[in-house]
K.L.:
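This structure is in structure tokens; I'll ask about it shortly.
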Amino acid sequence: MKLQEFQAKRIFGQYGIPVPEGDVATTPAEARAIAERIGGPVVVKSQVLVGGRGKAGGIKLAKSPQEAEEMAGRILGMDIKGLTVKKVLVDPAADIKNEIYLGMILDRATRRVIVMASAAGGMDIEEVAATTPEKIITVAVDPCLGLREYQTRDIALKMDLPREQLAQFAKICQGLYACYMDIDASLAEINPLAALGDGTLKALDGKIVLDDSALFRHPDLAALRDEDEETPEEQEARLNGLSYVQLDGEIGCMVNATARAWRWPPWTSSSCTAASRRTSSMWAAARKPTKWPLRSASFCGIPKSKPSSLTSSAALRAATRSPRASSRRFRRSRRRCRWSSAWSARTPRKAAPSWPTQR
Amino acid sequence: MSILVGKNTRLVVQGITGREGAFHTEQMIAYGTNVVAGVTPGKGGGWAVGNVPIFDSVAEARDATGANASIIYVPAKFAPDSILEAAHAGIELIICITEGIPALDMLKVRAFLDTTKSRLIGPNCPGLITPNEAKVGIMPGYIHSRGNVGLVSRSGTLTYEVVYALTQRGIGQSTAVGIGGDPINGTSFVDVLRLFEDDPETKQVVMIGEIGGTDEEKAADFIREMTKSVTAFIAGQTAPPGKRMGHAGAIISGGKGTAADKIHALESAGVRVAKHPGEIAELVAERM
């Protein structure tokens with residue numbers, strides 16, 4: 001589960017990481033009121049759960065409350081990578097001298113939480129990582145020992161931070177790590193951690209992705225879920241414990257395991273070439289082992305229709321209600337579907353039976 | 001011969017009185033697995049699934065029955081504890097079926113396991129089976145047949161499909177191992193490939209990977225040194241990219257971990273990579 005920037009920053013604040021004193025607005029008037037309270041120039045930042053907001057024009061500087069209102073009006077309702085902006089964060093503008101990147105992530109290869117930092121932070125950090133990887137400092141944290149202070153000093157020294165910022169940086173690192181472990185994050189990131197004109201460090205952005213498996217321990221964090229960020233289908237799927245991926249074709253796949261779902265689209269798209277070259281429109285997989293009745297019910301061939309509920313029976317009902325359910329093509333696909341589980345047993349073949357490829 | 005489980009396996013079931021635990025214990029016994037004990041704290045002294053004695057702790061069960069393997073059907077909230085308990089009791093092979101264990105819990109569990117002699121398979125896996133000897137997991141037993149192909153897979157159900165296709169062609173399996181799809185697991189592809197390489201019964205290996213992580217790339221490096229032929233499939237070739245947040249993932253992976261990368265790594269190590277799961281059995285049959 002992803003958290004919005006303002007939520008992430010509030011959590012960071014609780015762990016002693018200095019964050020700007022901004023607030024969230026849902027209307028331009030609210031944005032203006034916040035800007036008036038802050039006084040001076042502000043930054044109006046769209047709150048959507050996707051990267052690249054700045055490059056998409058979702059972050060604007062405003063010199064006055066009027067301008068803040070105007071910018072908020074422009075940003076609210078804007079579409080960023082398919083998501084509509086419904087909230088903006090109004091933060092005081094900062095006098096940035098240098099942008100530092102600081103991130104933590106669980107690395108499956110080393111089985112450690114990795115702390116990554118770079119003095120060349122900011123929007124182009126991925127390019128920095130690709131072209132000059134030596135500018136990214138990484139440290140693996142032993143899960144039993146935790147992030148030690150000497151490690152944070154090491155990072156700071158390798159980044160050539162000014163000596164007076166060492167203690168500040170160490171505290172922020174430790175805070176971020178404590179936060180990461182406490183909230184069961186799978187990603188926690190500050191980009192930029194800005195070095196300001198007065199020599200202090202401040203987290204001007206914050207990103208947190210939580211481990212969904214650990215949400216049972218954090219009902220308070222689970223309650224932060226922004227339901228506006230989900231489509232109704234995604235929400236219904238989540239509430240039913242289903243993995244759900246919306247694709248752009250017209251064949252639905254209901255599958256009992258994620259890997260199986262993954263293998264379906266190429267199968268359906270290649271096997272249905274004669275009928276259509278499009279891939280599946282609904283791609284759902286039961287994640288919970290409690291959905292055991294689904295184990296024997298591989299199902300494909302829902303024509304373009306939005307199932308009212310993603311339980312098996314409802315999906316089937318939705319499929320059969322659809323006006324195209326009576327079409328020959330649909331009946332044919334249903335027939336295939338019924339066969340799929342016992343295909344090799346029912347289809348006489350001269351050669352050794354292979355996986356069903358439709359001709 | 002086979003790997004990890006077989007006739008000598010003496011299995012203890014952790015969470016034997018739960019719904020899943022009881023059901024699958026019955027299935028495993030029906031297949032012929034030697035289930036010697038069950039563990040449910042607070043229910044020790046009783047009997048489960050007919051005549052399996054229940055103990056309050058794994059250590060007690062091990063002392064009383066000489067169990068050498070454990071399978072865990074305990075909810076995610078308590079499963080990390082169960083794994084640690086089994087390792088602490090000195091169980092050599094621990095299989096954790098449970099899905100949805102918090103990753104940071106597994107991080108600590110794995111760090112502890114590295115200091116013990118226990119091997120963990122999973123979590124979030126279907127278990128493993130040596131056909132006609134022992135089924136330690138939740139896979140349907142009847143689709144397997146005994147033979148010379150070793151399987152190792154990050155996926156569950158996809159393994160069943162491949163096993164079934166092999167069996168249909170008259171190609172048997174030595175052992176089929178599901179290592180689970182969680183970010184932090186106990187046993188990697190390389191670990192299992194090494195066991196298959198040393199197993200005289202196994203003549204060929206099938207490896208089923210998934211997108212994400214770099215386990216398959218590491219396996220590719222190991223396969224270069226293997227004498228046995230390997231056939232692979234990577235699931236998730238058409239998975240659409242999610243709405244990504246943050247840069248850390250991209251930086252740490254360095255752009256690796258996609259299906260194309262994995263396929264490339266495997267092919268350059270001399271592995272035949274199937275385009276779809278149905279092709280796996282064909283490729284294996286060609287080399288028989």
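All figures in this text were calculated on a predicted structure; none of them were measured in a lab. Proteins come first, then strands; the chains are lettered A, B, ... in the order of their sequence lines, and each starts at number 1.
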K.L.:
Taking only Lys NZ, Arg NE, NH1 and NH2, and the carboxylate oxygens of Asp or Glu, determine whether B:Lys108 and A:Asp142 approach each other closer than 4.0 Å.
P.N.:
no

K.L.:
Do A:Arg108 and B:Asn185 make a side-chain contact, defined as non-hydrogen atoms from C-beta onward lying under 4.5 Å apart?
P.N.:
no

K.L.:
Can you tell me how far CZ of B:Arg110 sits from CZ of A:Arg112, rounded to the nearest 0.5 angstrom?
P.N.:
9.5 Å

K.L.:
Which residues satisfy the side chain to side chain donor-acceptor pair (under 3.5 Å) test with B:Asp182, sequence neighbours excluded?
P.N.:
B:Asn124

K.L.:
Would you compute the distance between atom CD1 of A:Ile183 and atom CG of B:Leu104 and round it to the nearest 0.5 angstrom?
P.N.:
9.5 Å

K.L.:
Is B:Leu107 in contact with chain A via its backbone, its side chain, both, or neither, using a 4.5 Å heavy-atom distance?
P.N.:
both

K.L.:
Between A:Asp184 and chain B, which part of the residue has a heavy atom less than 4.5 Å away: side chain, backbone, both or neither?
P.N.:
both

K.L.:
Which heavy atom of B:Ala103 sits nearest to which heavy atom of A:Asp211, and what is that distance?
P.N.:
N-OD2, 2.8 Å

K.L.:
Quick one: what part of A:Ala109 sits under 4.5 Å from any heavy atom of chain B, side chain, backbone, both or neither?
P.N.:
both

K.L.:
If you compare all heavy atoms of A:Ser213 against all heavy atoms of B:Gly100, which two are closest, and at what distance to 0.1 Å?
P.N.:
CB-O, 3.3 Å

K.L.:
Taking the side chain as every heavy atom from C-beta outward, state whether A:Phe216 and B:Pro102 have any atom pair closer than 4.5 Å.
P.N.:
yes

K.L.:
Under 4.5 Å heavy-atom distance to chain A, tell me which part of B:Ile101 shows up: side chain, backbone, both or neither.
P.N.:
backbone

K.L.:
Look only at the side chain of B:Lys77 and the backbone of A:Arg217, and say whether a donor-acceptor pair between them is shorter than 3.5 Å.
P.N.:
no

K.L.:
If you count heavy atoms of other groups shown closer than 6.0 angstrom to NZ of A:Lys135, is the number above 12?
P.N.:
no

